[in-house]
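For the numbers below, each heavy atom of this structure counts, side chains included, while hydrogens, waters and symmetry mates do not.
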Amino acid sequence: MAHPLRTADHLRPQRALKGTMTDVPYRFDRNATAAGLAADYADLGIGEETGVTVRVAGRLMLRRDQGRLTFGTLRDSSGAIQLFAGVKWTADYDSFSHLNLGDWIGAEGEVVRTRTGELSVKVTSWVRLAEARRSFGDKFRGITDVDLRYRQRYADLWANEGSRDTLLARSRIISATRRWLEDRDFVEVETPIFHPIPGGAAARPFTTHHNALDVDLYLRIAPELYLKRLVVGGFERVFEIGRVFRNEGLSPRHNPEFTMLELYQAYADYGDMMELIESLVAHLATVMLGTTSLVYAGRELDLSTPWRRASLSDLVEEQTGRRYTIETPIDELRAAAGGYGIPVSGAWGPGKLLLEIYEKTTEAALWGPVFVTDYPKEVSPLARDHRDQPGMVERFEGIVAGRELCNAFSELIDPDEQKARFEDQARARAAGDDEAMAVDADYLRALEYGLPPTGGLGLGIDRLVMLLTGAEAIRDVIAFPTLRPEAPEAPDGPAGGPDEADRAG
RNA sequence: GCGCCUCUAGCUCAACGGCAGAGCAACGGACUCUUAAUCCGCAGGUUCUGGGUUCGAAUCCCAGGGGGCGCACCA
């Protein structure tokens, strides 16, 4: 954005229309949409008229003035339809032929197909529903300035059709996810966004304050601990699709607020979670793309089930040719991590070292889909001990297109063990790890009432949408991504006009 | 936080040390079947900001600001 200061002097002058169609109505009775007309009259022959009068509404995106004829392209949320106006049959023709691109209009007329074959509404009467006092950028090339696209999404959505398609796809993906889970007896719930104790993930939280209670609260970094409380309360299958907040950096793959699906299933373990999530993702790909084979970032990706399962240590060995486990002598792990350029902390145990080595050498090289299984207990304070491997837990991450798509485990249900894990985290926190978890005494109390064996899973909805829409930036799948606020001395809105007196108050 | 790149008219872009331009939009006009209509005309600028070098800076240098990408952090 070249000019943070955008004055109003480039606004179009308000244009008073001549004739009788000048009052802006409070409502408009539309009875047809662009897509509906295209479907209903697909067989209408060239030059034919239907005798059917319809009322359409939308934004005028293109205008082709021929003198005594004017063609307009009207876009509504379903698609585009041509408006066909003529001096002989259109009321206030002169004003119609001078409408600005971007104006919202409602029009009434007969459905016809022009002599050149374009399905059209032959406008007899029309009304301007709103004036566009700003233009929508280059009508052919749209808006390409990424900052402008994200800041003024309302303009981007008209200037770049792909933006709208992506957000529509997001809606369909979330809707299909809900339906799929509900069909399997999952119950959707809502849990608090204000948390007195941030928990459920390793991340720095945002802090806020409640005045009446005079307490600091945290915006949730994950809904996990509340959802498991609901399982304790008898909800055997629950899920939540909601916003979580992490006070971390921004990147093409990170937004400080993002949408997470978390679900918990009683009587299930992490193996069940693998089957569930690979089925769900394959289903969504089929719904959205008609296939489980897709191309992302120029590379083929096959989401058909079953996905590969491989242990973290095995994958590191595949990638590096060296085998590391939590049994590897710690000096050897430290040396190896240092050799990969990892700034090793003396406080790290073998589990943390192993995880760091995996993330540095292997994770980004995995294209997937693959379930990376069996993580060190040291780095997984909420996952249950592995039934066969001491020091490990039953946890997996689903890696797709080189990124973590989901994280799941057989949930830790033993309150004593959970208490010990929390205390380990608290020690790490005291030692300076500001992403370590805090002790949540109420959560321990809930576990003391009894959490049944439970499988749990968290999945990043934004990344899933990226995958299924081909978006390579998380900002493309979020309508209003987090941006640095515009300079406060640069009002650029309805109140930002040159007439300062209007703002006195 | 660090590194690299970038910022010119409302939008999309030229000019790259020598008169700041084009297309679209807007504004005025011509045109009875257009499809990014076409054509004629008019208007539009603190070249992100502030310094510096130079006879001369949009262009080169320094500092600051916005944005992008990478690293780090993370999902």
Contacts of type salt bridge (Lys or Arg N to Asp or Glu O under 4.0 Å), residue A/D424, not counting sequence neighbours: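 Applying salt bridge (Lys or Arg N to Asp or Glu O under 4.0 Å) to A/D424 gives A/R427.
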For the side chain of [X], counting heavy atoms from C-beta on, which of [options] is nearest?
| X | options | result |
| --- | --- | --- |
| A/L62 | B/A37, B/G70, B/A75 | B/A37 |
| A/R151 | B/C69, B/C33, B/G67 | B/G67 |
| A/N100 | B/U34, B/A26, B/A75 | B/A26 |
| A/D138 | B/U34, B/G23, B/A25 | B/G23 |

Non-neighbouring partners of A/S251 that pass side-chain hydrogen bond (donor to acceptor under 3.5 Å, both in side chains), sequence neighbours left out: A/H254
When rounded to the nearest Å, what value does the distance between [atom1] atoms of [N] and [M] take?
| N | M | atom1 | value |
| --- | --- | --- | --- |
| B/C5 | B/A9 | P | 23 Å |
| B/C11 | B/A25 | C1' | 7 Å |
| B/G1 | B/A20 | C1' | 39 Å |
| B/C60 | B/G17 | P | 8 Å |
| B/C2 | B/C73 | C1' | 13 Å |

According to a 3.5 Å limit on both distances, what stems of 3 or more consecutive Watson-Crick or G-U pairs are formed with RNA chain B?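 Counting only runs of 3 or more consecutive pairs, the stems involving RNA chain B are B:1-7 with B:65-71, B:10-13 with B:21-24, B:27-30 with B:38-41, B:48-52 with B:60-64.
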How would you list all residue pairs meeting side chain to side chain donor-acceptor pair (under 3.5 Å) that involve residues 75-90 of chain A, not counting sequence neighbours? A/R64-A/Q82, A/D76-A/S78, A/Q82-A/S120
Tell me whether the NZ or CZ atom of A/R395 lies within the 45° cone about the ring axis of A/F409 and under 6.0 Å from its centre.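 Checked: cation-pi criterion not met.
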So, is A/T144 close to the B/C13 phosphate, meaning a side-chain N or O under 4.0 Å from OP1 or OP2? yes
Output yes when at least one side-chain N/O atom of A/K360 is less than 4.0 Å from OP1 or OP2 of B/A72, else no.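 Answer yes for this pair, as a side-chain N or O of A/K360 is under 4.0 Å from OP1 or OP2.
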Within the structure shown, what part of the strands sits under 4.0 Å from [X] by heavy-atom distance: base, sugar-phosphate, or nothing?
| X | value |
| --- | --- |
| A/P343 | nothing |
| A/G102 | nothing |
| A/A202 | sugar-phosphate |
| A/R484 | sugar-phosphate |
| A/T114 | base |
| A/D156 | nothing |
| A/F136 | nothing |
| A/Q82 | base |

Identify whether a stacking contact exists between A/F71 and B/A37, where the ring centres must be under 5.5 Å apart and the planes under 30° apart.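 One would not call A/F71 stacked on the B/A37 base.
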For RNA chain B, whose closest nucleotide is more 5', that of A/G72 or that of A/R141?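 Residue closer to the 5' terminus by nearest nucleotide: A/R141.
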Below 4.0 angstrom, N of the basic side chain to O of the carboxylate: do A/R113 and A/E49 qualify?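 No, A/R113 and A/E49 are not salt-bridged.
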Look at the side chain of A/T116 and the base of B/U35, then say whether one donor and one acceptor between them are separated by less than 3.5 Å. yes
Per-pair distances, 0.1 Å, donor-acceptor, side chain in residues 276-285 of chain A, under 3.5 Å, sequence neighbours excluded:
from: A/E278; atom 1: OE1; to: A/W307; atom 2: N; distance (Å): 2.7
from: A/E278; atom 1: OE1; to: A/R309; atom 2: NH1; distance (Å): 3.0
from: A/E278; atom 1: OE2; to: A/R309; atom 2: NH2; distance (Å): 3.3
from: A/S279; atom 1: OG; to: A/E275; atom 2: O; distance (Å): 2.7

From CG (A/L60) to CG (A/L74), nearest 0.5 Å: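 It comes to 7.0 Å.
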Which residues share a ring-ring contact (aromatic ring centres under 6.0 Å, His included) with A/F422, sequence neighbours left out: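 So A/F422 forms no ring-ring contact (aromatic ring centres under 6.0 Å, His included) with any residue.
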Mind checking side-chain contact (heavy atoms from CB on, under 4.5 Å) for A/N247 and listing every partner two or more places apart, or none if nothing turns up?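 Here the qualifying residues are A/R204, A/F206.
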Check nucleotides 29-32 of chain B against the protein and report each pair of N or O atoms closer than 3.5 Å, with its distance, or say if there are none.
from: B/C31; atom 1: N3; to: A/D65; atom 2: O; distance (Å): 3.3
from: B/C31; atom 1: N3; to: A/G67; atom 2: N; distance (Å): 3.1
from: B/C31; atom 1: N4; to: A/D65; atom 2: OD1; distance (Å): 3.2
from: B/C31; atom 1: N4; to: A/D65; atom 2: OD2; distance (Å): 3.2
from: B/C31; atom 1: N4; to: A/G67; atom 2: N; distance (Å): 3.4
from: B/U32; atom 1: OP1; to: A/R68; atom 2: NH1; distance (Å): 3.0
from: B/U32; atom 1: OP2; to: A/R68; atom 2: N; distance (Å): 3.4
from: B/U32; atom 1: OP2; to: A/R68; atom 2: NH1; distance (Å): 3.3
from: B/U32; atom 1: O4; to: A/K88; atom 2: NZ; distance (Å): 3.3

Acceptor/donor pairs from residues 463-470 of chain A side chains to any protein atom, 3.5 angstrom cut, sequence neighbours excluded:
from: A/R463; atom 1: NH1; to: A/E404; atom 2: O; distance (Å): 3.2
from: A/R463; atom 1: NH2; to: A/R253; atom 2: O; distance (Å): 3.2
from: A/T469; atom 1: OG1; to: A/V465; atom 2: O; distance (Å): 2.7
from: A/T469; atom 1: OG1; to: A/A471; atom 2: N; distance (Å): 3.4

